[in-house]
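Small disclaimer: the values here were computed from a predicted structure and weren't measured.
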Amino acid sequence: MPSPGSRPLLLALRPLGLGDLLTALPALRGLAAALPEHRRVLAAPAGLAALALHSGAVDEVLPTRPLEALGPEAEAADLAVDLHGRGPASQRILLATRPRRLLAFANDEVPETAGMPRWREDEHEVRRWCRMLQEQGVPADPSRLELEPPPVAVAPQARGATLIHPGAAFEARRWPAGRWAAVASAEASRGRPVVITGGPGEEALAARVAMLAGLPAGSVLAGRTGLLELAATVAASALVVCGDTGVGHLATALGVPSVLLFGPTPPAWWGPPPERARHRVLWRGRRGDPHGDVPDPGLLAIGVEEVVAAVGAQTLRTAAATTNP
């Protein structure tokens, strides 16, 4: 609970993954700009803390997990903001901390949200949260997605490389390892350096992709980077190739060209904003369960040759832009 004379507490709840953090940055920055005198605390997983603080959008991170009750340090906020979803569980978690005011989407099961903005299913995730704030008097610019590269060391082999990130949180969004290996091998055959990254628990996947592609062991950076180092590695690369996952959002935030493979989820909801032309999205137009335990049929419909061609075109385009800025 805030002590007398301390800065009023602004508590934002976003206890989700890397992509969720990055798509919420414009909303968090809107809150920070509208309430500069507040202490801005983000309730989010501990593993995201370093990057959240690096973004400058928040002052502190309160470690939490999805739909977990918040501790006494979250009590009596001047403003609590539900950036988790449409409720009701997340809204009740925030209401239990007794905030002076709550910003959220309307939910018929939570009387305190009556009159608040209505959830729209067919809406880009970045614009969704900015709209929720805008309709309640808080300006928020959805274009404020950018991150500065973290000032940490980067493996030399990553500089100017094609970065392939084969993992994703759910199998539904994981293109097969053998296909990623074929893309990596094609890039290597073009004389381009390639590195393979991965999040916690994805070390074996990254090693398998490198082995199948005939890449040297040093090309595997999975297990060798924390989140800040991963962000810096993305920033140092020439091109990012991955699925619908947090690393794709890092490429958008850091301004690194990318080729992104979407399966069960429309890129109009979670992809790079269409005005950011340096990103190429491949999608078959089919929807499915993004949390499924087998690769989505729409994702599997994207073939190796198509990805190799897209990667080659992006590389040539980037080289041309570098030569003729």
Checking the side chain of E203 only, and the main-chain atoms of G201 only, is there a donor and an acceptor separated by less than 3.5 Å? yes
Is it possible for you to say whether L67 and L62 belong to one hydrophobic cluster, with membership spreading through side-chain heavy-atom contacts below 4.5 Å? yes
Ion pair present between E146 and R276, side-chain N to carboxylate O less than 4.0 angstrom? yes
What closest approach, in Å, do C242 and V247 show between heavy atoms, and which atom pair accounts for it? SG-C, 4.1 Å
Spell out, yes or no, whether L239 and I164 are grouped together once hydrophobic residues are joined by side-chain heavy atoms under 4.5 Å, including indirect joins. yes
Using distance alone, with no hydrogens and no angle criterion, decide if T113 and R86 have a side-chain donor and acceptor under 3.5 Å apart. no
Is the closest side-chain heavy-atom distance between D244 and P267 below 4.5 Å? no
Is V110 close to R92 at the side-chain level, that is, under 4.5 Å between some pair of heavy atoms? yes
Inspect the contact between R39 and E73 and indicate whether a charged nitrogen and a carboxylate oxygen are less than 4.0 angstrom apart. no
Atom pair CG (L230) and OG1 (T197), whose distance is rounded to the nearest 0.5 Å: 5.5 Å
When you measure from the side chain of Q134 to the backbone of A140, do you find a donor-acceptor pair of N or O atoms at a distance under 3.5 Å? yes
Closest approach of H84 to R14 (non-hydrogen atoms, all atoms of both residues): O-NH1, 4.4 Å
Closer than 3.5 angstrom, by distance alone: can the side chain of R208 be matched with the main-chain N or O of A177 as a donor-acceptor pair? no
Just by modelled atom types, is the A169 backbone N or O under 3.5 Å from a matching donor or acceptor in the E202 side chain? no
Donor-acceptor contact below 3.5 Å, side chain R98 vs main chain E75: no
Measure the shortest side-chain to side-chain distance between W175 and V183 over non-hydrogen atoms and say whether it is less than 4.5 angstrom. yes
Is E187 reaching over with its side chain to a backbone N or O of A184, donor-acceptor style, under 3.5 angstrom? no
Heavy-atom closest contact (R127 atom, P142 atom, distance): NH1-CG, 3.4 Å
Should the heavy atoms of other residues, nucleotides or ligands under 6.0 Å from CZ of R190 be counted, would the total exceed 12? yes
Counting distance only, does the side-chain N/O of S258 pair as donor-acceptor with the main-chain N or O of L260 below 3.5 Å? no
Donor-acceptor under 3.5 Å (E229 side chain, V152 main chain): no
Could you grab the distance from atom CZ of F105 to atom CD of Q91, nearest 0.5 Å is fine? 10.0 Å
Determine whether a donor-acceptor pair (N or O, by modelled atom type, separation under 3.5 Å) exists between the side chain of S185 and the backbone of A181. no
Do L16 and L21 have side-chain heavy atoms sitting under 4.5 Å apart? no
When rounded to the nearest 0.5 Å, the distance separating NE2 of H54 from CG of L227 is 10.0 Å
E135 atom CD, neighbour heavy-atom count above 12 within 6.0 Å: yes
How far does CZ of R286 sit from CG of D296, to the nearest 0.5 angstrom? 7.0 Å
What's the separation between atom CG in L83 and atom CZ in R128, rounded to the nearest 0.5 Å? 11.5 Å
With a 4.5 Å limit on heavy-atom distance, are the side chains of T265 and W283 in contact? no
Is there side-chain contact between L147 and L22, with heavy atoms separated by less than 4.5 Å? yes
Could you state whether V58 and L94 fall into the same hydrophobic cluster, counting links through intermediate Ile, Leu, Val, Met, Phe, Trp or Tyr residues with side-chain heavy atoms under 4.5 angstrom apart? no
Would you name the heavy atoms of A158 and V195 that are closest together and state the gap between them? CA-CG1, 4.0 Å
Working to the nearest 0.5 Å, report the span between CG of L103 and CG of L133. 6.5 Å
Steps toward side chain to side chain contact (heavy atoms under 4.5 Å, CB included) verdict (L18, H249): CA-CA 8 Å; L18 172 59; H249 293 285; 6.0 Å; no
Between V61 and L48, does a side chain to side chain contact (heavy atoms under 4.5 Å, CB included) hold up when you go through it step by step? CA-CA 8 Å; V61 173; L48 298 178; over 6 Å; no
Hits for salt bridge (charged side-chain N to carboxylate O under 4.0 Å, His left out) against R101, two or more places apart or cross-chain, chain-then-number order -> none
May I ask you to check whether over 12 heavy atoms, not counting those of R192, lie within 6.0 Å of atom CZ? yes
Whether the side chain of R100 engages the backbone of L79 through a donor-acceptor N/O pair (distance < 3.5 Å, no angle test) should be reported. no
Just do the side chain to side chain contact (heavy atoms under 4.5 Å, CB included) check on R179 and V307 with the steps written out, would you? CA-CA 9 Å; R179 299 192 190 186; V307 177; over 6 Å; no
If hydrophobic clusters are built by linking Ile, Leu, Val, Met, Phe, Trp and Tyr wherever their side-chain heavy atoms come under 4.5 Å apart, do L250 and L42 end up in the same one? yes
Which heavy atom of C130 sits nearest a heavy atom of A27, and at what distance? SG-N, 4.0 Å
Can you tell if the side chain of L31 reaches within under 4.5 Å of the side chain of R40, non-hydrogen atoms only? no
Looking only at heavy atoms, which two atoms of I196 and P166 are closest? And how far apart? CG2-CD, 3.8 Å
Would you say the side chains of D82 and S90 form a donor-acceptor pair under 3.5 Å? yes
Yes or no on side chain to side chain contact (heavy atoms under 4.5 Å, CB included) for L163 and V256, after CA distance, side-chain angles and deciding distance? CA-CA 10 Å; L163 184 153; V256 177; over 6 Å; no
Quick check: is V154 connected to V220 through a chain of hydrophobic side chains (ILVMFWY, heavy atoms under 4.5 Å apart)? no
With a 4.5 Å heavy-atom cut-off, do P273 and L145 have their side chains touching? yes
Taking atom CZ as the centre, does R284 end up with more than 12 heavy-atom neighbours from other residues, nucleotides or ligands that are less than 6.0 angstrom away? yes
Does CD belonging to E171 count more than 12 external heavy atoms closer than 6.0 Å? yes
